[in-house]
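First the structure, in the form of C-alpha cells, and then the observations on it.
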Amino acid sequence: MSVNQSLKPITWENKSGKIFIGGCDLEELAEKYGTPLYVIDEATLRGICRDYKEAFKEYKNVKMMYASKALCTSAIARILDEEGFGFDTVSQGEIYTVYKSGVDMQKVLFNGNNKSKNEIELALDLNVGRFSVDNFYEAELLNKIAEEKEVNVDILLRITPGIECHTHEYIQTGQIDSKFGFDLTQIDDIVSLIINKYKNLNLRGIHAHIGSQIFELKSFGDEVEILIKELSRINKKFGLNLDEMNIGGGLGVKYTENDTPPDVKDLAKVVAKAMHKYSDKIPTIYLEPGRSIISTSGVTLYTVGSSKEVNLDGKIKKYVAVDGGMADNPRPSMYQAQYAADLAAAKNVQTEKVTLAGRYCESGDILINEIELPHLECGDIICVYNTGAYNYSMASNYNRVEKPAMVLVNNSQSDMIINRESLDDLISHDCIPDRLRK
C-alpha cells in the first residue's frame with residue numbers, strides 16, 4: 001500500500017488513548033505552539049516521495065516534479081529537493097521560495113495561464129529550466145522578453161487533451177471547456193509561430209494536466225495515449241524531434257474511510273503500459289504530483305470552544321465550534337470536501353454525533369458535518385487528518401484572523417517551519433493617508 005492510500009500519517013500511534021504523530025504527543029504540540037496548528041510528518045512526506053520513485057524505477061525516462069501549489073514553504077522545498085524532486089511552480093512567489101531554498105532551478109517548471117511580465121522576467125533571471133506556455137499571448141510575450149534579455153527559453157506547450165476525469169468540476173483541468181492551454185485545433189498554429197517567428201523559444205515537448213483527486217487510472221492511460229500520438233504527429237508534420245511529455249499529476253488521496261485511491265505502483269503500470277503501447281521511442285516523461293505527495297503527511301489541530309444544540313422536528317443536532325475553520329481550510333465550504341477527525345486524547349465515554357463548526361462569520365463555515373466523536377468539552381484538542389494539501393496554501397485572513405503556525409515533526413522532535421502570524425503582521429501592510437490621521 002502506498003502512502004496516499006492511508007488516512008493518517010504513517011507514524012500515527014495511539015498510546016494509552018493519546019495520539020502521537022512523528023513521535024510527538026498532539027496535545028503537547030497544541031500546548032506548546034497553540035492552535036489552530038498545521039502539523040507535517042516528515043516520515044510520511046519522505047515515504048510517499050520514495051513510493052513514487054520506487055514505482056517508476058524501471059522507467060529511466062521518468063522525472064518527478066512536485067506541484068508546489070499544494071503546499072509551498074522553504075522547509076518543504078528542502079525536503080522535496082533532498083528526495084530528488086523537481087518543482088512545478090505557478091507564481092513568482094513559488095519560484096522565489098524554491099530558489100531561496102537552494103533548489104537547482106533547472107529542475108523547475110513555470111506553469112500558469114496568465115503569467116505577468118514581472119513573473120516571466122524573474123523566472124528568466126533565476127534561470128528556471130522550463131516554461132509551460134499556456135496561450136498565444138504568453139508565447140509572444142515570453143519571446144519578446146527573452147529576446148530583450150538575449151536568452152533562449154526551453155518550453156513545453158500546455159494542451160487540453162479533452163479528458164473529463166471523474167472529480168469535482170472545480171478541479172477538472174483537462175476538458176475542452178477549460179481556461180488552461182491550447183486545444184488540439186490550435187496546436188499547429190502555435191508550433192508554426194514558434195518555428196517561424198519566435199526564435200527565442202525552444203520547443204521541447206507538450207504538457208497536460210487532467211485534474212485532481214483522481215481515482216480512475218484509465219484517465220491517465222487515455223491522457224498518455226493522446227499526448228504520445230500528438231507528439232508523434234507534431235514531429236512528423238514539422239520535422240521536429242520533440243522528446244518531452246509532462247502528464248501532470250492528480251492522483252487521489254484518502255480523506256475519509258470511504259475513499260479508495262489507487263496505489264502509486266498501479267499508476268506507474270498504467271502509464272508505462274500506455275507509453276509502450278503507443279510509442280516505440282519513449283519520450284522523457286514528467287510527473288508532477290502535489291496533493292498525493294503532501295496531503296497525508298499533514299494534520300490540523302484545533303481547540304474546542306462553544307457548543308449548541310438545535311431541535312429539527314424532534315431530531316437534535318449538536319454543533320461544536322473550534323478555533324479555526326474556513327480561513328485555514330476553505331475546501332469544505334468551496335467544494336464540499338470531506339474530512340475525518342479524532343480527539344487527540346480519547347476519553348472513556350460514549351460517542352455522540354456532532355457537527356464541527358468553524359469560528360468564522362459564515363453559516364457555511366462547517367469543517368465536518370455529523371461526525372461520531374467522544375463527548376467534547378471546551379479545551380479538547382481535535383485532530384483533522386489529511387490537511388497537508390491546499391489548506392495552508394489556500395488560507396486567508398478572513399475576519400482579520402491571523403494565519404496558523406506550521407510545525408514539522410520527526411523522531412519525537414518538532415520544529416517550527418511557519419511562524420504564527422501576529423496582530424502586527426495583520427496590519428503591517430496597512431496605510432493611513434495623512435489626511436485621515438488625527
Side-chain angles (χ1 to χ4, degrees), residues 2 4-5 51-52 55-56 58-59 61-65 67 70 88 109 111 113 132-134 156-188 190-191 204-237 242-254 259-293:
S2 59
N4 70 300
Q5 295 178 298
D51 284 347
Y52 266 100
F56 284 90
E58 302 297 329
Y59 318 110
N61 288 351
V62 174
K63 296 185 178 182
M64 300 295 171
M65 305 185 77
D88 166 62
L109 169 78
N111 190 12
N113 70 307
S132 180
V133 173
D134 196 271
L156 306 177
L157 292 181
R158 172 83 182 254
I159 72 171
T160 51
I163 296 172
E164 296 193 20
C165 55
H166 181 66
T167 189
H168 194 283
E169 62 180 318
Y170 290 178
I171 50 179
Q172 290 178 352
T173 55
Q175 72 275 25
I176 295 298
D177 185 8
S178 171
K179 72 175 187 177
F180 295 104
F182 299 93
D183 67 49
L184 297 180
T185 67
Q186 298 172 317
I187 292 177
D188 286 0
I190 185 60
V191 172
R204 302 296 300 270
I206 54 180
H207 176 201
H209 182 71
I210 57 175
S212 190
Q213 190 58 358
I214 300 170
F215 286 10
E216 297 175 350
L217 291 179
K218 182 179 182 299
S219 299
F220 292 103
D222 293 343
E223 178 194 12
V224 171
E225 176 186 355
I226 291 170
L227 293 187
I228 284 180
K229 289 181 176 179
E230 191 59 27
L231 202 65
S232 176
R233 187 193 68 80
I234 294 170
N235 284 337
K236 184 176 181 179
K237 178 169 183 175
L242 307 183
D243 62 353
E244 294 185 6
M245 198 172 80
N246 188 323
I247 66 172
L251 186 67
V253 300
K254 189 179 183 69
D259 291 332
T260 56
D263 192 296
V264 173
K265 291 180 181 178
D266 293 327
L267 170 65
K269 292 175 183 177
V270 168
V271 171
K273 181 179 180 181
M275 285 194 296
H276 288 292
K277 180 178 181 180
Y278 297 107
S279 176
D280 295 327
K281 178 184 177 183
I282 304 302
T284 297
I285 305 291
Y286 291 88
L287 270 78
E288 45 185 37
R291 183 194 311 269
S292 60
I293 292 291

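Index from 1, following the sequence. The figures that follow rest on heavy atoms only: side chains count, while hydrogens, waters and symmetry mates do not.
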Could you check whether any side-chain N or O of Asp88 sits under 3.5 Å from a backbone N or O of Met65, counting only pairs where one atom can act as donor and the other as acceptor? no
Quick one: pull up NZ in Lys236 and CD1 in Ile234 and give me the separation to the nearest 0.5 Å. 14.0 Å
Residues in side chain to side chain donor-acceptor pair (under 3.5 Å) with Lys265, at least two apart? none
Set of salt bridge (Lys or Arg N to Asp or Glu O under 4.0 Å) partners for Asp243, sequence neighbours left out: none
Going by the rule side chain to side chain contact (heavy atoms under 4.5 Å, CB included), which residues pair with Lys269 if we only count those two or more places apart in sequence or in a different chain? Asp266
Return yes if some donor-acceptor pair links the side-chain N/O of Ser2 with the main-chain N/O of Val264 below 3.5 Å, else return no. yes
Within the distance-only criterion (no hydrogens, no angle test), does the side chain of Gln5 pair as donor or acceptor with the backbone N or O of Val253 below 3.5 angstrom? no
With a 3.5 Å distance limit and no angle check, can you tell me whether Asn246 reaches the backbone of Ile206 through a side-chain donor-acceptor pair? no
Decide yes or no for Pro261 and Asp259: does some side-chain heavy atom of the first lie under 4.5 Å from some side-chain heavy atom of the second? yes
So, using side chain to side chain donor-acceptor pair (under 3.5 Å) as the criterion, who are the partners of Asp222 when residues are at least two apart? Lys218
What distance do Thr284 atom OG1 and Asn61 atom CG have between them, rounded to the nearest 0.5 Å? 5.0 Å
Supply the atom-to-atom distance Glu230 CD to Ile228 CD1, rounded to the nearest 0.5 angstrom. 12.0 Å
Using every non-hydrogen atom in the two residues, find where Ser212 and Arg291 come nearest and quote the distance to one decimal. OG-NH2, 2.7 Å
Distance col, row Leu109:CG vs Glu244:CD, nearest 0.5 angstrom, shows 10.0 Å
Minimum-distance pair of heavy atoms, taken over all atoms of Ala55 and Ala268: O-CB, 3.3 Å
Distance (rounded to the nearest 0.5 Å) between Tyr59 OH and Met275 CE: 7.0 Å
Restricting to non-hydrogen atoms, name the atom on Leu251 and the atom on Phe220 that form the minimum distance, rounded to 0.1 Å. N-CZ, 4.0 Å
Is the closest side-chain heavy-atom distance between Glu225 and Lys229 below 4.5 Å? yes
Distance, nearest 0.5 Å, that separates CG of Leu287 from CG of Leu267: 6.0 Å
Which residues pass the side chain to side chain donor-acceptor pair (under 3.5 Å) test with Tyr52, sequence neighbours left out? Ser292
What I'd like to find out is whether the side chain of Asp183 reaches to under 4.5 Å of the side chain of Gln186, using heavy atoms alone. yes
Could you work out, with ring pair (Phe, Tyr, Trp, His ring centres under 6.0 Å) as the rule, every residue matching Phe182, not counting sequence neighbours? Phe136
Counting N and O atoms only, with roles assigned by atom type, does the side chain of Lys63 sit under 3.5 Å from a partner on the main chain of Tyr286, one being a donor and the other an acceptor? no
Just wondering, do Ile159 and Leu227 contact through their side chains at under 4.5 Å, heavy atoms? yes
Any side-chain donor paired with an acceptor under 3.5 Å for His207 and Glu288? yes
